[in-house]
Protein chains: 2
Amino acid sequence: MDKELATALFESLASGVRLDVFRLLVKHAPTGLVAGEIAARLDIPSTNLSFHLKAMTHAGLVNVTQEGRYQRYRANLAVMQALIDYLTAECCNGNPEKCFDAGSAST
Amino acid sequence: MDKELATALFESLASGVRLDVFRLLVKHAPTGLVAGEIAARLDIPSTNLSFHLKAMTHAGLVNVTQEGRYQRYRANLAVMQALIDYLTAECCNGNPEKCFDAGSAST
DNA sequence: ATTACTATACAACAATTATTGAAATATTGA
DNA sequence: TCAATATTTCAATAATTGTTGTATAGTAAT
């Protein structure tokens, strides 16, 4: 995980629409959902959803596979785990004790 | 941690400049650095740095305290930990086994 | 008070990102 | 092949974000 990938992933998560999409896909892992289903559930115009899905796919946050005329999207949980690891390392860099004292009381 | 805060934090981390600033402040936790020192180390014009520091402060990613004519900035590690917790929950929502199988092999 | 120094606010502008509708591409099934 | 469906691409535009220089406000020290 380098800086460039990290910022790309953060950017993918920095929009309400994309965060909604990702959370929906996580809920439906590992099956995933086809584009039309995502659009219907989140009530987003298909062109706009396509725009965001393309960005997320490019960043590697989601994967896509073709199923006939459908495109099935799945959350990339491995990348998400790598991001969490990166964030943990960045957060605690040189000061691990501080980091895990502070915020662990989050319900 | 709600969606609004999460997107604000992701947005804070989604820029190369801001990610650099944050990582620098984490390295210097818990002392922090004054604005001029950050600008010098990262070679960013002070006005531009101020713009980004303001955004990060607003999002809660960093804290600031006045020291005479200096402004000292510190990484907010508690918020970072809360974000990691949020991300872990989002990532594993309904499928914890999948998440931690996949990406844990990150050095 | 005045001079120097630190940092932010403001204004102008550049660049990027988001949204929408219409058109295009590709697949399915009659 | 033809009509129907699913999704993306494209073009136009709106909205947001990033960068820079100049001006301002505050602090420090003489």
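Note that the structure is a prediction, hence the values are computed from the model and not measured. So that the names make sense, note that chain A is the first sequence line, chain B the second, and so on, each numbered from 1.
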Who pairs with Ala59(B) by side chain to side chain contact (heavy atoms under 4.5 Å, CB included), at least two apart in sequence or on another chain?
-> Ala8(B), Leu9(B), Ser12(B)
Would you say Tyr70(B) and Ile44(B) are hydrophobically clustered, going by side-chain heavy atoms of ILVMFWY under 4.5 Å?
-> no
For Gln66(A), check side-chain hydrogen bond (donor to acceptor under 3.5 Å, both in side chains) against everything at least two apart and list the hits.
-> none
Can you list the residues that meet the side-chain hydrogen bond (donor to acceptor under 3.5 Å, both in side chains) rule with Thr57(B), with sequence neighbours excluded?
-> none
Listed by chain and number, what are the salt bridge (Lys or Arg N to Asp or Glu O under 4.0 Å) partners of Arg41(B), not counting sequence neighbours?
-> none
Would you mind reading off the distance between Tyr73(A) atom OH and dA6(D) atom P, rounded to a whole angstrom?
-> 15 Å
From the 5' end of DNA chain C to its 3' end, which nucleotides mark the outer limits of contact with chain A, defined by a 4.0 Å heavy-atom distance cut-off (strictly under)?
-> dT17(C) to dT28(C)
Under the side-chain hydrogen bond (donor to acceptor under 3.5 Å, both in side chains) rule, collect the residues that match up with Asn48(B), sequence neighbours excluded.
-> His52(B)
Sequence neighbours excluded, the answer for side-chain hydrogen bond (donor to acceptor under 3.5 Å, both in side chains) partners of Thr47(A) is none
Using a heavy-atom distance cut-off of less than 4.0 Å, which residues of residues 3-22 of chain B contact DNA chain C?
-> none
Using five base pairs at each end, measure the axis-to-axis angle across the helix from dA1(C)-dT30(D) to dA30(C)-dT1(D) and round it to 10 degrees.
-> 30°
Residue pairs meeting salt bridge (Lys or Arg N to Asp or Glu O under 4.0 Å), one or both in residues 1-10 of chain B, sequence neighbours left out, come to Asp20(A)-Lys3(B)
From CG of Leu53(A) across to P of dT9(D) the rounded distance in Å is 11 Å
Which whole-number value in Å describes the distance from Leu42(B) CG to dT19(D) P?
-> 13 Å
Give the rounded distance in Å between these two atoms: NE2 of His52(A) and P of dT9(D).
-> 15 Å
With no hydrogens and no angle check, is any side-chain donor or acceptor of Arg74(A) less than 3.5 Å from a backbone partner on Pro30(A)?
-> yes
Partners passing side chain to side chain contact (heavy atoms under 4.5 Å, CB included) against Ala6(B) (at least two apart in sequence or in another chain) | Leu19(A), Met1(B), Phe10(B), Tyr86(B)
Protein-nucleic acid N or O pairs under 3.5 Å, nucleotides 21-29 of chain D:
none

